[in-house]
There are 2 protein chains.
Amino acid sequence: MPSVTQAVEDYLKAIWRLSHEGGERVSVGDIASELKVSAPSVTSMVRKLKTMRLLNYERYGGVTLTPRGRKIALEIVRHHRLWELYLYMRLGVPLELVDGEAERLEHVLSDDMEELLTRNLGDPTHDPHGDPIPSKTGALAPVEGIALGQLETGTHAIVARVSDRNPEKLRYLVSLGLLPGARIEVEEKAPFRGPLTVRIGGRRHVVGADLANLVIVRGAPAASRSKGARLGPGVPPRSGKPRGKRR
Amino acid sequence: MPSVTQAVEDYLKAIWRLSHEGGERVSVGDIASELKVSAPSVTSMVRKLKTMRLLNYERYGGVTLTPRGRKIALEIVRHHRLWELYLYMRLGVPLELVDGEAERLEHVLSDDMEELLTRNLGDPTHDPHGDPIPSKTGALAPVEGIALGQLETGTHAIVARVSDRNPEKLRYLVSLGLLPGARIEVEEKAPFRGPLTVRIGGRRHVVGADLANLVIVRGAPAASRSKGARLGPGVPPRSGKPRGKRR
DNA sequence: CTAAAAAGTTAGCCATATCTAATTCTGCGT
DNA sequence: ACGCAGAATTAGATATGGCTAACTTTTTAG
Ligand SMILES: [Mn+2]
Ligand SMILES: [Mn+2]
Ligand SMILES: [Mn+2]
Ligand SMILES: [Mn+2]
């Protein structure tokens, strides 16, 4: 009987993320901090979601998503990441702002619009932070790679993903040029979780361990020419025609 | 103390429209039908808006917007029309669908995004139906022109505006090519609110009086070169024209 | 093994926004 | 001038989602 409101969508998405994509059990307290609401609010919502058969829940026992709940969560994640990419590529919204904007837009995306967005972006697979975009059917590519902080001195790599949980930190990472597609080399790594000296596009930067662990990298594909270079915003701000005529 | 929620925004926008852009008094009943809610809902909302000093209201006396209320209404109208134009021009959303989409998106547009949208569209002055877009400061160009139904036989004109109140009718008008920028000629007008025979881009159509009054036209600027031709979507959305291909 | 601490739940409120049914105004027609 | 029909308001209820304070269960540490 109850309907899928914006609050319901945000809860399901939060639980999906906290359970590391839908598997593990999630505690009431974690949901509360993730969504910045009180624990009683979570208990009450979680009981409602149970009656809607969107998650499994026993008192004092944490929650897991049902297939139906996961389906809705993935749909919202898809909306979120499509909007992020669109805003970044086509409207030139700064990377550290796209998450906040998408947080509201994700609840406002009709099927028609989703289709148009998808086509306009050429069936994209990843959002501008490097997170995979769930397919319409709910398939989700795995996030491959390891944390920058794990790399040894001398390693070359390409940034695959940057966490967007903290806009401040993301802003700083962006200012270093440490974003998806960037080629990097670890010039030095101090021991005991020490900072890394990283070469990024000509410049050298020292990056603390905490920050370095927000960045996921994958091995550089030999020293060939830039293949995986994710393009920045393609916004020639008032160019009439969106390039490719879709077939 | 109460805040400007989505409901508040929709009420203010409705009142603004019903009062013909903010002047005349509006009755509770009219607001109720416009928003498709019950009269008691309106009474209660209107009392709240009064405490927020967004409108003037006395029991049994109808309402008018205060300057603060009008300011918010215009901001939402601006959002609405910017989104409409953006969706139409850049994403290829069919004209008869943009209003519905914008109805939700209008509540989700940060200042940053509004700025980007505006720039991307080149400081537009009119939405795709031909309605003026309020400026950031609240200035609004007047709607000039007369209803198509008023024209006499033999008149040439250019469509300035098409009402979007009814998606079905709009869809039909679009199929006739009767949209902003179109050059037309009234070939014949039957008396007593009779239908018009109109030449639109090569083709001849018969348009009933009711429909004809949804279309506002202005005089054709001599028979010079097409100046006012409002461009269609910059997106060749997989077909030439936004021929709505509903599922 | 047991007693705090931490986590979670229940109880009771509040705010927002709607509705139906009952009541009260207002303004019009006779 | 008055009564009545229609418009508007009041009364009372429902649904959603959030909060604090108080209580209960589980977990952890000594
Ligand atoms: Mn993201
Ligand atoms: Mn959200
Ligand atoms: Mn419109
Ligand atoms: Mn709206």
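Sequence lines set the chain letters: A, B, ... in the order given, protein chains first and strands last, and positions in each chain run from 1.
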Item to check | Working for salt bridge (charged side-chain N to carboxylate O under 4.0 Å, His left out), residues E106(A) and K13(A) | outcome: CA-CA 11 Å; E106(A) 65 191 358; K13(A) 193 180 65 162; 2.8 Å; yes

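Proximity of L82(A) to I133(A): side-chain heavy atoms (C-beta onward) are separated by under 4.5 Å at one or more points.
With K136(A) as the partner, the side-chain contact (heavy atoms from CB on, under 4.5 Å) test is satisfied by one option alone out of E115(A), E75(A), R78(A): R78(A).
dG17(D) atom C1' lies 15 Å from atom CD of E9(A), rounded to whole Å. Across the protein-nucleic acid pair, R25(A) atom CZ and dA7(C) atom C1' stand 13 Å apart, rounded to whole Å. In this structure, the CE atom of M45(A) is 8 Å from the C1' atom of dT16(D), given to the nearest Å. Rounded to whole Å, the distance from OH on Y60(B) to C1' on dT10(D) is 8 Å. Straight-line distance from the CD atom of Q6(B) to the P atom of dG17(D): 14 Å, rounded to whole Å. Note: CG (D10(A)) to C1' (dG17(D)) measures 12 Å, nearest angstrom. Rounded to a whole Å, the CZ atom of R59(B) is 14 Å from the C1' atom of dA11(D). Computed from coordinates, the L49(B) CG to dA17(C) C1' distance equals 12 Å when rounded to whole Å.
Remark: Y57(A) is in phosphate contact with dT9(C), judged by side-chain N or O atoms under 4.0 Å from OP1 or OP2. OP1 or OP2 of dT18(C) has not a single side-chain nitrogen or oxygen of K36(B) nearer than 4.0 Å.
Here dC19(D) is the nucleotide among dG8(C), dC19(D), dC19(C) with the atom lying nearest to any side-chain atom of S41(A). Minimum atom distance to the side chain of S38(A) is reached by dT20(D), of the listed dT20(D), dT20(C), dA8(D). Of the candidates dT18(C), dT9(C), dA17(C), the closest approach to any side-chain atom of K48(B) belongs to dA17(C). Ranking dT10(D), dT16(D), dG17(D) by closeness to the P2(A) side chain, first place goes to dT16(D).
A7(A) comes within 4.0 angstrom of sugar-phosphate atoms only, judged by non-hydrogen atoms across all strands, and of no base. The residue S44(A) sits apart from the nucleic acid: no heavy atom pair falls under 4.0 Å.
Remark: side-chain polar atoms of W83(B) are not paired, donor with acceptor, to backbone N or O of A102(B) under 3.5 angstrom.
Side-chain contact of H80(A) with D99(A): a donor-acceptor pair under 3.5 Å is present, judged by distance alone.
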